[in-house]
Amino acid sequence: MRIAICPGSFDPITNGHLDIIRRAATLFDRVIVTVMTNMAKQYLLTEDERLEMLRLATADIPNVEVDRFGGLLAEYVKLKQATAIVKGLRAMSDFEYEFQMALTNRKLNPAAETVFLTTTADNMYLSSSLVKQVAALGGDISEFVPSSIVPYILKKFERAERA
Ligand code: PNS
């Protein structure tokens, strides 16, 4: 059984993430989408909210499951006996950071291979932080995130506005 891990912050999941997850699901027997911690980021959504949105967005893909892990990705790969880490690559700006992470993960666990899938041209510009900015300022995010999670995000911003 070939297992792939799709790790990320998913704050929130975008159509770009979902495209990578769907394509990984055609390449591997089982795909585990895992909410992990990026210590460089401050999150808008709680871990539970990010998980719930991932579950909603991937509900129709039978070989995808959603998980969370608070430790090192290199350790998680071992724990799950995964064949590869799958990451999406947008533009050159992603490359240096992703390259550094892939090398560090392989140093920590020589069996931790990273496979990069290039984004589709449509999703090239998309990022979770842009989605949050557009949503916070009342813009239309329906083209940017899976339809199943749009109400969830709008509700979150309503709450933030009232606070
Ligand atoms: O969506 P992001 O924020 O780019 O995802 C980055 C993430 C969460 C995959 C990365 O920060 C990570 O792997 N975190 C887990 C802790 C870890 O292993 N850190 C060292 C990475 S080399």
Side-chain angles (χ1 to χ4, degrees), residues 2-25 27-28 30-58 61 64-120 122-136 141 143-146 148-150 152-153 156-157:
R2 302 183 80 75
I3 301 171
I5 310 286
C6 287
S9 294
F10 305 110
D11 187 43
I13 181 175
T14 66
N15 285 338
H17 292 129
L18 189 57
D19 170 59
I20 299 295
I21 294 166
R22 281 193 194 285
R23 285 158 58 199
L27 298 171
F28 292 87
R30 186 175 156 213
V31 174
I32 311 174
V33 185
T34 310
V35 173
M36 303 197 90
T37 304
N38 181 342
M39 294 180 89
K41 287 187 179 169
Q42 284 204 330
Y43 295 119
L44 170 80
L45 303 161
T46 66
E47 199 172 272
D48 283 343
E49 286 171 331
R50 287 180 277 144
L51 271 160
E52 179 61 17
M53 288 189 207
L54 279 174
R55 282 201 188 97
L56 286 170
T58 60
I61 323 171
V64 168
E65 63 202 78
V66 171
D67 192 17
R68 71 173 98 198
F69 189 68
L72 282 172
L73 177 54
E75 287 301 317
Y76 186 72
V77 168
K78 225 180 271 175
L79 195 75
K80 294 291 171 183
Q81 299 183 312
T83 312
I85 298 162
V86 173
K87 301 289 300 271
L89 262 193
R90 283 168 305 186
M92 287 309 287
S93 53
D94 275 347
F95 183 75
E96 207 172 316
Y97 168 64
E98 293 295 347
F99 191 68
Q100 195 180 14
M101 281 202 290
L103 292 186
T104 308
N105 283 325
R106 213 169 57 222
K107 195 81 182 166
L108 293 170
N109 171 7
E113 285 293 353
T114 303
V115 172
F116 292 110
L117 299 182
T118 50
T119 181
T120 57
D122 272 0
N123 294 323
M124 190 88 181
Y125 63 93
L126 254 186
S127 72
S128 298
S129 54
L130 277 181
V131 168
K132 283 180 279 190
Q133 281 190 43
V134 173
I141 54 163
E143 296 277 305
F144 306 147
V145 298
S148 53
I149 71 157
V150 172
Y152 215 108
I153 295 179
K156 179 80 189 176
F157 278 97

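Bear in mind that the values here come from a model prediction, so they are computed numbers and not experimental data. Residue numbers run from 1 in the order of the sequence given. Heavy atoms only: backbone and side chains are in, while hydrogens, waters and symmetry mates are out. Each ligand, and each atom within it, is numbered from 1 in the order the structure gives.
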When you measure from atom 5 (O) of ligand 1 to every protein heavy atom, which one gives the shortest distance, and what is it? Gly8 CA, 3.6 Å

Among all protein non-hydrogen atoms, which one is nearest to atom 21 (C) of ligand 1, and what is the separation to 0.1 Å? Asn105 OD1, 4.1 Å

Among Leu103, Asp94, Asn38, Asp11, which residue places a heavy atom closest to atom 11 (O) of ligand 1? Asn38

Within the protein, is there a heavy atom lying under 4.0 Å from atom 7 (C) of ligand 1? no

Within-4.5 Å side-chain heavy-atom neighbours: Asp11 and Lys41: no

Assess Phe69 for proximity to ligand 1: is some non-hydrogen atom of it under 4.0 Å away? no

To check your reading of the model: name the closest protein heavy atom to atom 16 (C) of ligand 1, its residue, and the distance in Å. Gly71 O, 3.5 Å

Check each heavy atom of Lys41 against ligand 1 and say whether those closer than 4.0 Å belong to the side chain, the backbone, both or neither. side chain

If you have a sec, work out which protein heavy atom is nearest atom 12 (C) of ligand 1 and how many Å separate them, to one decimal? Thr37 O, 4.1 Å

Of the protein's non-hydrogen atoms, which lies at the shortest distance from atom 10 (C) of ligand 1, and what is that distance? Met101 SD, 3.9 Å

Counting heavy atoms only, which part of Leu72 comes closer than 4.0 Å to ligand 1: side chain, backbone, both or neither? both

Is the closest side-chain heavy-atom distance between Leu103 and Arg106 below 4.5 Å? yes

Could you measure the distance from the OG atom of Ser128 to the CD atom of Gln133? Nearest 0.5 Å is fine. 12.0 Å

Ile61 side chain reached by Val31 side chain, heavy atoms, under 4.5 Å: no

Just say parallel, tilted or perpendicular for the rings of Phe10 and His17, cut-offs at 30° and 60°. perpendicular

Candidates Asp122, Thr118, Asn123 - the one meeting side-chain hydrogen bond (donor to acceptor under 3.5 Å, both in side chains) with Thr120: Asn123

Test Val145 against Ile13 for side chain to side chain contact (heavy atoms under 4.5 Å, CB included), laying out the working first. CA-CA 7 Å; Val145 298; Ile13 181 175; over 6 Å; no

Of all the heavy-atom pairs spanning Pro7 and Leu73, show the shortest one and how long it is. CG-CD2, 3.7 Å

Which residue owns the protein heavy atom closest to atom 4 (O) of ligand 1, what's the atom, and how far is it? Tyr97 OH, 3.5 Å

Gap separating the CD1 atom of Ile153 from the CD1 atom of Ile141, nearest 0.5 angstrom: 4.0 Å

Show the atoms of ligand 1 that are less than 4.0 angstrom away from any heavy atom in Thr104. 22 (S)

Closest protein heavy atom (residue, atom, distance) for atom 3 (O) of ligand 1: Ser9 OG, 2.6 Å

Considering only the protein, which heavy-atom contact is closest to atom 18 (O) of ligand 1, and what is its distance? Leu73 N, 2.8 Å

